[in-house]
Amino acid sequence: MFLAITNTPRDYAWGSRSAIAELLGRAPSGRPEAELWLGAHPGSPSVVVNPAVVDGADTLADWFAAEPARALGRDRSELPFLLKVLAADEPLSIQAHPTPEQARAGFAAEEAAGVPIDSPTRNYKDPFPKPEIIVALSESFDALCGFRTPAETIVDVDALDAGTGRLAALRGSVATSLESTLAWLFDGSAESRAVVAAVGELAASVADPSPSVATVVDLAARWPGDPGVVVSLLLNRVTLRRGEALFLPAGNVHAYLGGLGVELMAPSDNVLRGGLTPKHVDVPELLRVLEFEPLPVPRLLPVETAPGVERFEPGGVGFALLRVHAGGAGAVVEIGGPSVLLVTDGEVVVKGQDGSMRLRRGESAFVTPDEVRLAVTGGGQLYVATPA
């Protein structure tokens with residue numbers, strides 16, 4: 001069974017005013033449109049286009065609650081992922097997500113402490129991890145992700161300092177420990193505040209900045225005095241080209257800087273923030289979940305599983321994202337259970353054992369688990385979120 005779904009984009013301040021509207025083929029709302037959620041997350045469950053098809057259920061969440069076996073299959077009680085279209089015109093907060101064990105422990109501790117689930121100071125809204133995949137839809141998608149080596153950061157620190165000595169304390173701290181450097185930058189001391197201010201001032205005077213220093217200039221203009229500006233110097237700076245992807249596992253510190261992408265994640269709200277945000281920042285908890293080992297940029301390469309079908313699957317997360325190029329003779333897609341379809345270019349026809357559906361650019365649909373094999377034709381590009 002195919003069920004047409006839609007949703008209203010989330011109007012977070014960092015969102016683009018045109019990218020999601022262009023994808024959906026409608027006029028911009030005039031407000032920032034940051035994320036389009038496709039799934040059953042209670043924060044913004046997808047809206048059913050024709051409720052009569054599912055006995056009057058207005059949202060996927062309502063239908064799942066009313067008919068879980070029909071919608072999800074007899075072996076599932078929930079959808080194990082949330083698919084999003086993310087459109088950023090401004091940087092998101094520096095953040096990381098917990099492991100399954102950390103999420104369960106953190107949620108239980110805050111429940112026992114009586115912290116309201118909707119409290120702005122609550123870290124753990126649910127007992128689940130939040131690994132995520134992001135695939136660029138725009139020509140470029142910019143991000144910070146994971147710690148680079150201290151030596152790489154020190155090259156930029158020395159270039160900024162230019163012999164002034166104002167960043168000597170930062171250089172020494174980075175050379176000693178990434179973990180202690182983060183704790184120091186957020187401790188509010190006169191020394192750390194002076195270093196944060198100096199980094200912003202010095203970066204603005206660099207004639208030919210590296211990508212990392214250019215990012216500091218941009219962030220310092222938006223968030224003057226925020227320790228997150230300096231934290232960005234510790235992180236890998238990456239630009240994805242259209243179709244390229246990153247995988248952000250638990251403990252990987254990251255921040256999306258700008259661009260349009262398809263994002264697939266576990267359906268969790270657990271975010272530990274470390275600057276560049278007016279929202280709650282809990283530095284001790286962030287430090288507890290971070291992985292401080294410097295790593296290469298966590299690019300995720302797709303595997304071609306059939307003609308015209310590419311599969312992004314990090315392994316061990318319970319979901320996968322398929323990209324289908326439905327040209328020529330079409331493509332056959334094997335899905336692993338209840339799935340969500342999103343067309344990002346052109347138009348496709350998707351056929352299963354119980355009918356078919358035509359989807360145009362920006363349109364989406366939910367697929368019930370009885371449809372184990374989909375035949376896709378047309379000249380478009382289709383993304384499929386499915387259980388692994």
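Bear in mind the structure is a predicted one, so any value in this text is a computation, not a measurement. What you see below is based on every heavy atom in this structure, not just the backbone, and it leaves out hydrogens, waters and symmetry mates. One is the number of the first residue; the rest follow in order along the sequence.
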Tell me, please, which residues at least two apart from Arg122 pass salt bridge (charged side-chain N to carboxylate O under 4.0 Å, His left out). Glu110, Glu111
Would you please name every residue forming a salt bridge (charged side-chain N to carboxylate O under 4.0 Å, His left out) with Asp158, sequence neighbours left out? Arg171
Under 3.5 Å, sequence neighbours excluded: what are the donor-acceptor pairs made by side chains of residues 238-252?
{"unit_1": "Thr239", "atom_1": "OG1", "unit_2": "Asp142", "atom_2": "OD1", "d": "2.6"}
{"unit_1": "Thr239", "atom_1": "OG1", "unit_2": "Arg237", "atom_2": "NH1", "d": "3.3"}
{"unit_1": "Arg242", "atom_1": "NE", "unit_2": "Glu139", "atom_2": "OE2", "d": "3.1"}
{"unit_1": "Arg242", "atom_1": "NH1", "unit_2": "Leu137", "atom_2": "O", "d": "2.6"}
{"unit_1": "Arg242", "atom_1": "NH2", "unit_2": "Glu139", "atom_2": "OE2", "d": "2.5"}
{"unit_1": "Glu244", "atom_1": "OE1", "unit_2": "Arg241", "atom_2": "N", "d": "2.8"}
{"unit_1": "Glu244", "atom_1": "OE1", "unit_2": "Arg299", "atom_2": "NH1", "d": "3.3"}
{"unit_1": "Asn252", "atom_1": "OD1", "unit_2": "Gly146", "atom_2": "N", "d": "3.2"}

Hey, are Glu33 and Ser29 close enough side-chain-wise for a donor-acceptor pair under 3.5 Å? yes
Side chain to side chain donor-acceptor pair (under 3.5 Å) partners for Ser140, two or more places apart: none
What side-chain donor-acceptor pairs closer than 3.5 Å can you find for residues 47-56, not counting sequence neighbours?
{"unit_1": "Asn50", "atom_1": "OD1", "unit_2": "Ala52", "atom_2": "N", "d": "3.4"}

Mind checking what makes salt bridge (charged side-chain N to carboxylate O under 4.0 Å, His left out) contact with Glu371, not counting sequence neighbours? none
Looking at residues at least two apart in the chain, or sitting in another chain, which of them share a salt bridge (charged side-chain N to carboxylate O under 4.0 Å, His left out) with Lys84? Glu35
Thr344 meets the side chain to side chain donor-acceptor pair (under 3.5 Å) criterion, sequence neighbours left out, with Gln381
Indicate whether the side chain of Ser93 and that of Thr277 have a donor and an acceptor atom separated by less than 3.5 Å. no
Residues joined to Val343 in its hydrophobic cluster, side chain to side chain under 4.5 Å directly or through other members, sorted by chain and number, are Phe2, Val309, Leu322, Val324, Val333, Ile335, Leu341, Val348, Val350, Met357, Leu359, Val367, Leu374, Val376, Leu382, Val384
My understanding is that only residues two or more places apart in sequence, or in another chain, count here; which of them pass side chain to side chain donor-acceptor pair (under 3.5 Å) with Ser268? Asp126, Asn270
Residue pairs passing the side chain to side chain donor-acceptor pair (under 3.5 Å) test where at least one lies in residues 218-228, sequence neighbours excluded: Asp218-Arg222
With sequence neighbours left out, write down each residue that passes side chain to side chain donor-acceptor pair (under 3.5 Å) with Ser356, or none if nothing qualifies. none
Scan side-chain atoms only and decide if Ser119 and Thr121 contain a donor-acceptor pair under the 3.5 Å cut-off. yes
